[in-house]
Amino acid sequence: MTGWRNWGGNVVASPVQVRHAGTTRAVVDAVHAAARAGLRIRVAGSGHSFTPLVATDGMLLRVDGLSGVIGVDRERNRVRVLAGTPLHVLNPALQRLGLALPNLGDIDRQTISGAIATGTHGTGTRRQGIAAAVTGLTLVLADGSTLECSRDVEPDVFAAAAVGLGALGVVTEVELACVPAYRLHAKESSEALSDLLPRLQAEADTHDHLDLHWFPHTDRVLVKRNDVVGPQQGPPPLAPWRARLDDDLLANRVFEVINRGAAALPASVPVINRATARVLGAREFADDSWKVFCSSREVRFVESEYAVPRHAVEAVLAELRAWFDRTRAPVPFPVEVRFIGADDVWLSTAHERDNAYVAVHQYHRMDPLPLFEAFEAIVAEHAGRPHWGKVHTLGADRLRELYPRFDHFRAVRERLDPGRRFTNAHVRHLLGD
């Protein structure tokens, strides 16, 4: 028996068998082996989900050996990628091809299959999440057969599998619609949240990508405005020394020390946050899109994130702020706010709805439960849809109310995996069987 732990450290598992697959044939062999042994299968990528989607006492299948770009359609700007390819490998590979993903989240440790399976989204009211860029998938099903799907071939399977929770089969290849490589002009500044909120919706529509980091117990918010510019436009990239100072020393090493201090003296968190917010510095630069989007996150935390209709975000933040003021809860991590346009992927949090995303984080050495419970109660009043990879408690009954195609997804699952080879307790809670 081999232990497994996710990145945040809040999920552990003891699978009876761990297998590594570097080819589709190896995945097929693993599925057959699990069937012979009567084992359930869960697929592990980089472990960056905070929910127990991967946890299993059966077979844990590692697909990190399935990595690399295996095909390029230059006429349509599409690439075929092995499912275990980490985003930090995929992004520079696309750059070398003169391509880029239309949108990205703010970390790049996930595998492409893990990112789409959980609905990783990024930000931008005129943009969509990563799963919306998927144009085709290859899955290994419970009987060991392989299935290709797209909008034209097995369209229901495609609509379900783009955000599939690992519940339909093992994704081995992903086809992605890319765009020509582009640069972003980044402007970052510390502002007053109370001044920003009245114009938040206009700001979100004005910029290609808007990302906010608000420190609890303060009125300060770090605002990141990113806009597409031409090849020779915008200021130069960050100097190497500045990038190391901001993204390594301050954002990781110093922030780790701050959080350890907060864990040792929780009552000091409001003072710590006010001090941290005051040292946020403005910066402005331009660089390749993926270099602007993605940053290093070495300070470990656990996270809960919900999508709410974008018009509700001000109310959610006001209620969250009132809870912080009332409780003085020790939360040293900032609250993050982002925006995404609607898509048609069945279990995407942005399914047929323009969203704002609000994410709360807690340092991994501190108790997240009070924060997460309060946050979940707040977003429940605003039709909040939980990020599939972030901590939440919702089950099938409530999820059916939030997702119009929820039972369509269940029907596809019933067809592809009637014996529930690809399940665990958490997936059963989510899907109701």
Given side chains that start at C-beta, do those of L430 and H392 come closer than 4.5 Å, heavy atoms only?
yes
Please lay out, stage by stage, how L212 and L200 fare under the test side-chain contact (heavy atoms from CB on, under 4.5 Å).
CA-CA 10 Å; L212 312 180; L200 180 57; 3.5 Å; yes
Evaluate R420 against L431 for side-chain contact (heavy atoms from CB on, under 4.5 Å), listing each step before the verdict.
CA-CA 11 Å; R420 303 297 187 265; L431 299 179; over 6 Å; no
Any heavy-atom pair between the side chains of F293 and H209 that's under 4.5 Å?
yes
Would the distance check show the side chain of N273 and the main-chain N or O of V331 forming a donor-acceptor pair, the cut-off being under 3.5 Å?
yes
Between CG of L137 and CZ of R80, what distance do you get to the nearest 0.5 Å?
7.5 Å
Geometric class of the F324/H217 ring pair [parallel <30°, tilted 30-60°, perpendicular >60°]
perpendicular
Using a strict 4.0 Å threshold on nitrogen-to-oxygen distance, state whether D108 and K291 make a salt bridge.
no
The salt bridge (Lys or Arg N to Asp or Glu O under 4.0 Å) partners of R410 (sequence neighbours excluded) come to D407, D433
Does W388 have its ring centroid less than 6.0 Å away from the ring centroid of Y403?
yes
Do the side chain of N91 and the main chain of L87 share a donor and acceptor less than 3.5 angstrom apart?
yes
Is R297 salt-bridged to E303, going by a charged N under 4.0 Å from an acidic O?
no
Determine whether a donor-acceptor pair (N or O, by modelled atom type, separation under 3.5 Å) exists between the side chain of N6 and the backbone of S49.
yes
Quick one: pull up CG in N424 and CG in L53 and give me the separation to the nearest 0.5 Å.
7.0 Å
N/O donor-acceptor pair under 3.5 Å between R42 side chain and G166 backbone:
yes
Tell me whether H429 contacts the main-chain N or O of T393 through its side chain, where contact means a donor paired with an acceptor under 3.5 Å.
yes
Could you tell me whether the side chain of T118 and the main chain of H387 form a donor-acceptor pair under 3.5 Å?
no
Has the side chain of R385 got a donor or acceptor atom that lies under 3.5 Å from a matching backbone atom of L402?
yes
Donor + acceptor pair across side chains of R220, S190 (<3.5 Å):
yes
Give a yes or no on whether the backbone of G432 and the side-chain of R400 come within a donor-acceptor separation of less than 3.5 Å.
no
I want to check something: taking the side chain as every heavy atom from C-beta on, are S304 and E376 in contact at a cut-off of under 4.5 Å?
no
Could you work out, with ring-ring contact (aromatic ring centres under 6.0 Å, His included) as the rule, every residue matching H351, not counting sequence neighbours?
none
Indicate whether any N or O donor in one side chain lies under 3.5 Å from an N or O acceptor in the other, for S150 and E175.
no
Working to the nearest 0.5 Å, report the span between CG of L104 and OG1 of T123.
12.0 Å
Whether the Y357 and E336 side chains hold a donor-acceptor pair (N or O, under 3.5 Å, no angle test) is what I'd like checked.
no
Heavy-atom check, side chain of L347 versus side chain of L165, under 4.5 Å:
yes
Parallel, tilted or perpendicular, as decided by the 30° and 60° cut-offs, for the rings of F333 and F255
perpendicular
Can you check whether F339's main-chain N or O pairs, donor with acceptor, with T125's side chain at less than 3.5 Å?
no
Examine distances only and state if a side-chain atom of D208 and a backbone atom of N226 form a donor-acceptor pair shorter than 3.5 Å.
no
Any carboxylate oxygen within less than 4.0 angstrom of a Lys/Arg side-chain nitrogen, looking at R253 and E256?
no
Nearest 0.5 Å please: distance from the CZ atom of R126 over to the CD1 atom of I340.
11.5 Å
Taking the side chain as everything from C-beta on, heavy atoms only, tell me whether F301 gets closer than 4.5 Å to N259.
no
Heavy-atom distance under 4.5 Å between the side chains of I112 and I130, does that happen here?
yes
Measuring only between side-chain heavy atoms, which start at C-beta, is L101 closer than 4.5 Å to W290?
no
